[in-house]
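Working notes for the structure below.
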2 protein chains.
Amino acid sequence: MKTSKKHYHHGDLNQSLLNAASLILRNEGVEGLSMRKLADQVGVSRTAPYHHFKDKNALLCSLAEAGFKQQQADLQALADNSGATREAFTQYVYRYLAYAQNHSEIYDLMFGRTIWKAGEPTAELQNSAKSTFKTWVYWIGLWQESGVLTQNNTSLRIGQTTWASLHGLARLMIDGVYPDQTGQSEMVEQMIRNLCSHQ
Amino acid sequence: MKTSKKHYHHGDLNQSLLNAASLILRNEGVEGLSMRKLADQVGVSRTAPYHHFKDKNALLCSLAEAGFKQQQADLQALADNSGATREAFTQYVYRYLAYAQNHSEIYDLMFGRTIWKAGEPTAELQNSAKSTFKTWVYWIGLWQESGVLTQNNTSLRIGQTTWASLHGLARLMIDGVYPDQTGQSEMVEQMIRNLCSHQ
DNA sequence: CGAACAATGTTGACACCGTCAAGATAAGCA
DNA sequence: TGCTTATCTTGACGGTGTCAACATTGTTCG
């Protein structure tokens with residue numbers, strides 16, 4: 001019943017849709033992701049997906065949500081293996097940017113206008129985002145305590161600004177504004193030097 | 001011949017299209033800007049705009065280009081009236097962010113994926129962007145000389161990172177990821193503190 | 001002046017898109 | 001068994017960008 005192709009019911013359409021959508025996203029970007037093509041890819045009629053996702057926006061939110069969870073797990077693993085040292089922060093930054101580059105389309109969904117401005121973020125998505133940010137602020141606090149980051153403001157504020165800086169870097173690389181890879185790691189190094197406290 | 005409505009030829013369609021597009025952009029965002037609606041608004045047939053812009057992408061590039069020029073003039077005026085002081089830098093940052101907020105849709109066109117990744121930036125647009133960035137780097141150099149910004153790297157590198165930070169802040173505000181205005185100016189203040197050299 | 005030509009406008013058509021409404025099919029349960 | 005509900009289907013509507021073919025106008029030159 002699961003792998004059969006002649007069944008009227010698909011079996012696990014919800015997940016299949018997410019998988020196929022992920023693939024299209026990676027290969028063709030959001031612009032190449034349409035509900036019709038998606039349905040076709042999965043081998044189902046145009047409107048079948050609407051029984052699993054309210055609309056396209058809901059599908060995208062689901063993808064972004066998965067992105068948040070993966071990113072959070074990704075980074076959590078790193079933090080567990082090291083203290084609040086400057087080296088850990090550096091690695092954190094590199095991981096963050098690597099994630100943004102390796103999953104640029106999902107990253108765009110997570111933080112871009114498609115969902116947050118043009119569309120409407122699902123409640124679940126908002127929760128995921130908020131949770132991720134809280135974890136981030138928590139670690140910022142630790143880095144402040146250990147003197148890696150400046151203590152001239154609350155961890156919330158420092159969390160906001162450092163994240164904004166990281167995000168800006170990620171966006172410029174992702175959106176094709178900095179097309180050349182040249183000097184990219186130098187930029188990151190300089191950015192880290194800027195973010196860390198100068199004693 | 002100019003203001004008449006019964007003429008077969010419009011008279012100044014090119015500019016009229018840009019004006020109308022600007023208006024739609026401001027009121028409804030890029031999502032609400034379609035070539036057909038645009039043509040309708042100007043009172044011309046669907047495909048008339050294609051005699052003035054190769055395609056929608058070209059139109060958007062033109063809008064973004066105008067944005068660059070306006071921004072550059074905007075900021076140039078500021079710089080002319082003040083030296084390379086920290087106060088000038090602060091004002092610069094505020095102006096930059098204000099521009100991003102007050103012209104969020106154009107800002108998005110100038111630096112967003114719509115043109116730079118999904119579409120193809122016109123040669124003219126690329127020139128405008130490059131020119132603006134060069135001016136930016138030039139001023140960064142002056143601020144470095146006067147000790148406002150750090151001298152631990154080239155003006156190009158510092159220009160890239162400070163701009164990335166600013167850009168990140170702008171994006172988060174624009175894209176609706178930071179919906180509340182609360183503490184926004186505090187964020188900016190902290191960001192400036194971070195960017196300026198700590199003597 | 002008039003004819004040729006280029007610029008600018010028009011309608012028609014095509015292939016997409018998101019999504020709603022109504023009906024078909026299957027699964028779960030009484 | 002039959003009823004309900006979840007799932008999937010086809011059909012349809014209004015929207016999109018843009019190409020091809022044709023109409024009109026302004027320009028230029030013999």
Side-chain angles (χ1 to χ4, degrees), chain A residues 1-21 24-25 27-63 109 113-115 117-120 122, chain B residues 1-21 24-25 27-64 109 113-115 117-122:
Chain A
M1 175 198 295
K2 224 33 169 319
T3 49
S4 166
K5 285 177 176 225
K6 302 302 292 173
H7 272 81
Y8 188 84
H9 285 69
H10 180 280
D12 194 11
L13 223 185
N14 196 301
Q15 191 56 46
S16 295
L17 286 172
L18 289 176
N19 292 341
I24 296 181
L25 212 57
N27 294 334
E28 311 176 46
V30 214
E31 295 80 15
L33 174 59
S34 79
M35 294 297 270
R36 297 171 101 109
K37 180 157 42 171
L38 180 58
D40 200 54
Q41 202 114 104
V42 177
V44 94
S45 80
R46 290 150 275 149
T47 58
Y50 286 87
H51 291 269
H52 299 267
F53 298 95
K54 181 180 158 290
D55 51 20
K56 190 180 185 181
N57 176 72
L59 209 197
L60 297 180
C61 283
S62 205
L63 289 169
L109 243 39
R113 74 174 284 150
T114 309
I115 286 178
K117 189 166 189 182
E120 276 203 72
T122 310
Chain B
M1 175 198 291
K2 222 39 170 314
T3 49
S4 166
K5 284 175 174 222
K6 303 303 292 172
H7 271 79
Y8 188 84
H9 285 70
H10 180 279
D12 193 11
L13 223 186
N14 197 301
Q15 192 55 48
S16 295
L17 286 171
L18 289 176
N19 292 341
I24 296 181
L25 211 58
N27 294 334
E28 311 176 46
V30 213
E31 295 81 14
L33 175 58
S34 79
M35 294 297 270
R36 297 172 100 107
K37 179 158 39 171
L38 180 57
D40 200 53
Q41 201 113 108
V42 178
V44 93
S45 78
R46 288 150 276 150
T47 58
Y50 286 87
H51 289 271
H52 299 267
F53 298 96
K54 182 180 157 289
D55 51 19
K56 190 179 183 179
N57 177 70
L59 209 196
L60 297 180
C61 283
S62 206
L63 289 168
L109 243 39
R113 73 174 285 150
T114 309
I115 286 178
K117 189 164 190 182
E120 277 202 72
T122 310

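As the structure is a computational prediction, the values presented were derived from the model and not from experiment. Lettering follows sequence order; numbering is per chain, from 1. Below, all heavy atoms of this structure are taken into account, side chains as well, without hydrogens, waters or symmetry copies.
A 4.5 Å side-chain heavy-atom check between B/T114 and B/N57 finds every atom pair outside the cut-off. In this structure the side chain of B/P49 reaches within 4.5 angstrom of the side chain of B/V44, judged on heavy atoms.
The two residues B/A21 and B/L59 make their nearest non-hydrogen contact at CB-CD2, 4.3 Å. For B/L109 against B/V30, the heavy-atom pair with the smallest separation is CD1-CG1, 4.1 Å. Across all their heavy atoms, B/L17 and B/V42 have their closest contact at CD2-CG2, 3.9 Å. When every heavy atom of A/C61 is checked against every heavy atom of A/T122, the shortest pair comes out as CB-OG1, 3.0 Å.
In this entry the distance linking CG of B/L13 with C1' of C/dT10 reads 13 Å, nearest Å. What separates CG of A/L59 from P of C/dC17 is a distance of 14 Å, to the nearest Å. Straight-line distance from the CG atom of A/L17 to the P atom of D/dT7: 12 Å, rounded to whole Å.
Pairs passing the side chain to side chain donor-acceptor pair (under 3.5 Å) check and including a residue from residues 29-56 of chain A, sequence neighbours excluded, read A/E28-A/K37, A/E31-B/R113.
For the segment residues 29-43 of chain B, residues with any heavy atom less than 4.0 angstrom from an atom of DNA chain C are, sorted by number, B/R36. Within residues 49-58 of chain A, the residues approaching DNA chain C are A/Y50, A/D55, A/K56, by heavy-atom distance under 4.0 Å.
Scored by the side chain to side chain donor-acceptor pair (under 3.5 Å) test, B/N19 finds B/Q15 as partners (sequence neighbours excluded).
Nearest nucleotide to the side chain of A/R46, out of C/dA21, D/dC8, D/dA12: D/dA12.
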